[in-house]
Protein chains: 2
Amino acid sequence: MSSRSPGSQFQLFVSPSGEALPRWLEAFPKAVVLAQGTFVESLPDGALVWLRLDASRPAPEQLAELHKAVGAARIVVLASQPDNEQALTLFSAGIRGYCNAHSTAANLRQVASVVQAGGLWIGEALMQRLLAATRTAILKTPVASLPQDVASRAAADRLSALTGREQEVARAVATGSSNKEIARQLGITERTVKAHIGSVFQKLNARDRLHLALIVNGQRPS
Amino acid sequence: MSSRSPGSQFQLFVSPSGEALPRWLEAFPKAVVLAQGTFVESLPDGALVWLRLDASRPAPEQLAELHKAVGAARIVVLASQPDNEQALTLFSAGIRGYCNAHSTAANLRQVASVVQAGGLWIGEALMQRLLAATRTAILKTPVASLPQDVASRAAADRLSALTGREQEVARAVATGSSNKEIARQLGITERTVKAHIGSVFQKLNARDRLHLALIVNGQRPS
DNA sequence: CCCGATACTGTCCTTTGGTCCAATAGCGGT
DNA sequence: ACCGCTATTGGACCAAAGGACAGTATCGGG
C-alpha cells in the first residue's frame, strides 16, 4: 500500500556530468547527486530518482541502465527540450514523471510531492498534445482496429465468467504486472491479489499466470 | 502554475443518487455530498470535486454539466468499471484524475493529494493500456498492418538478436512452458534452460518470463 | 435473519523462477 | 595457438508464485 512518508524524502539526482543544475539544488539542498553509471547499492524505500538525460544517447537506453541501478524506485526524467514522443516512450518504460529541466525549484518540489504520493507528473501542455494525438489516432483507423477489437471482444467473453475484481487482476496479470505491483495498483494486499488470481486460475482453467496471460490475450483457448 | 494549499482541502462529492459510497466518507468524513444536477453557487478556491458516474448516461454529458456547475475546479472521476477510452475522453475534457470507485480510503486520499498538488491521477494499469494504445497508434504502420503477418515478422525481428538455442527457449517460454518442460523438450538440464532464458532476458530487456512472452507475442515492444 | 457471493486478509509451506559465480567444451576465425 | 561466441552444467541463494487452511466483513436477496 505504498508508504507515504510525510515531508522530506530521499532525493537522488543522476546526471551525465555528475553535477546538478542550480535549481535542483535549490529545490532539494540535501539531495544526493551522482554521475550516470555510478553504482547504487541500496536506496531507501520511496526514494525519488531524477534523471537528467544525456542528449547524446538514446533516452530509453539511459533509462534502462538507471532502472537496473535503482530497481523499483520512482523515476522522474528531466528533459532539456521536452519531446512528445520521447515522453511517451519513457512513460511506457515506467517513469513516473517527465518535466522540463529548466523548471523552477517550486515546480520541482511540486513534482516531487505528486510523484511520491503515487501520481504521475505530465506537464499540462504535454498532456493536452498527448491526448489529442491519442484521440485522433484512436478515432481514426476504424478498419485497422478490427483485429484488436475482435481480440478484446473475445477477451471480454473469456473474462465474463469472472467477477469485477477478478477481471481487473486478470488483466493486470496479462500485461505483465507482478502480484506486488497489482496489489499496489489496486490498493489491496498481495495476499488478496493471490486470492483473486487463484480463483481466476480455477475459473479459466489456467495453470499459472503465463497461461492466464495467453488466455486473456487470446493466444490460447481457456 | 497553481495555488498549492497545505493540508485538508474542500472536498465535494457528486453522485447520481446524492449518496456517497462508504469509502469516500471514510476518506473524507467532512466532505460535502451532492446529487447530480444540484446547483452549486460558489466553491472555495482549490476545491476538489469528485464525480461518481451514472452508468446509465454518457459520461461526457455528465462531465459537461458538472463543469458548468463548478467552473474551473479540479475534477476527479470515479468509475465503477474503469474504461480505457472513457478515461481518454474525460481527460481530454479536462478532468484531473480518473480512478476506480472501489478504491480504498487510503487510495482516495492519495489521489486527492496528488491532484491538489497539480498532478494528474491515472491508475497505473490504465496508464499502461493507454500508453500501449497510443504507442501502436503513433507508430502507425504506413502499410496498413497485415495483422498476423506483421506481428510474426516483428516477432522474428525481435528474436533475431538471439542465438538459435535462445530462440528455441524463448518461443517455448512464450507458449507457456515451464523450465522443466522446456528442459525435457530440448533434452537438456533445467539449469541450462535457465541460463538461456537469463541471456534472453538481457538481450530483450525483459524482466521475467511473462514480459518475455508479451514481447515474443508482439504485445509489447522490447 | 440467515445465506451465498464478493472482497479482503492472515500464516505456513512448497515449488518455480531468476541471479551470481564458476567451470568445461566445441567451433570458427586471426 | 589464442580468442570469442555458443552451449552446457553445477551449486548456492534469494525472491516470487501458488496452494492449503482459516478467518472477517459487506451486501443483496429470499
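Values below: all heavy atoms of this structure, side chains included; hydrogens, waters and symmetry mates excluded. Owing to the predicted nature of the structure, the values given are computational and were not obtained by experimental measurement. Within every chain, numbering begins at 1; the chains are lettered A, B, ... in the order of the sequence lines, protein sequences first and strands thereafter.
- Not a single side-chain hydrogen bond (donor to acceptor under 3.5 Å, both in side chains) links B:Thr175 to another residue, sequence neighbours left out.
- By the side-chain hydrogen bond (donor to acceptor under 3.5 Å, both in side chains) test, A:Asn179 pairs with A:Arg209, sequence neighbours left out.
- In terms of the salt bridge (charged side-chain N to carboxylate O under 4.0 Å, His left out) criterion, residue partners of B:Arg165 (sequence neighbours excluded) are, by chain and number, B:Glu168.
- A donor-acceptor contact shorter than 3.5 Å is absent between the side chain of B:Arg52 and the backbone of B:Val14.
- Rounding to whole angstrom units, CD of residue A:Gln167 and C1' of C:dA7 are separated by 15 Å.
- Legend: residues meeting side-chain hydrogen bond (donor to acceptor under 3.5 Å, both in side chains) with A:Gln202, ordered by chain and number and at least two apart, are absent.
- Looking at residues two or more places apart in sequence or on another chain, you find no salt bridge (charged side-chain N to carboxylate O under 4.0 Å, His left out) involving A:Glu190.
- In this structure, the CG atom of B:Leu204 is 13 Å from the P atom of C:dG18, given to the nearest Å.
- Pairs passing the ring pair (Phe, Tyr, Trp, His ring centres under 6.0 Å) check and including a residue from residues 49-70 of chain B, sequence neighbours excluded, read B:Phe13-B:Trp50, B:Phe28-B:Trp50.
- Take B:Glu166 and apply the side-chain hydrogen bond (donor to acceptor under 3.5 Å, both in side chains) test, not counting sequence neighbours, and it matches B:Thr163, B:Ser199, B:Lys203.
- Applying the salt bridge (charged side-chain N to carboxylate O under 4.0 Å, His left out) criterion to A:Arg191, with sequence neighbours excluded, gives no partner residue.
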Using a 4.0 Å heavy-atom cut-off to protein, can you give one letter per nucleotide of nucleotides 5-22 of chain D, 5' to 3': B if the base is in contact, S if only the sugar-phosphate is, - if neither? -SSSBBB----SBB-BB-
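- Helix-axis bend for the helix from C:dC1-D:dG30 to C:dT30-D:dA1: the local axis fitted to the five terminal pairs at one end deviates from that at the other end by 30°, rounded to 10°.
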Between protein and nucleotides 23-30 of chain D, map the contacts as a letter string: B base, S sugar-phosphate only, - none, heavy atoms under 4.0 Å, written 5' to 3'. ----S---
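- With sequence neighbours left out, B:Arg207 forms a side chain to side chain contact (heavy atoms under 4.5 Å, CB included) with A:Ser178, A:Glu181, B:His211.
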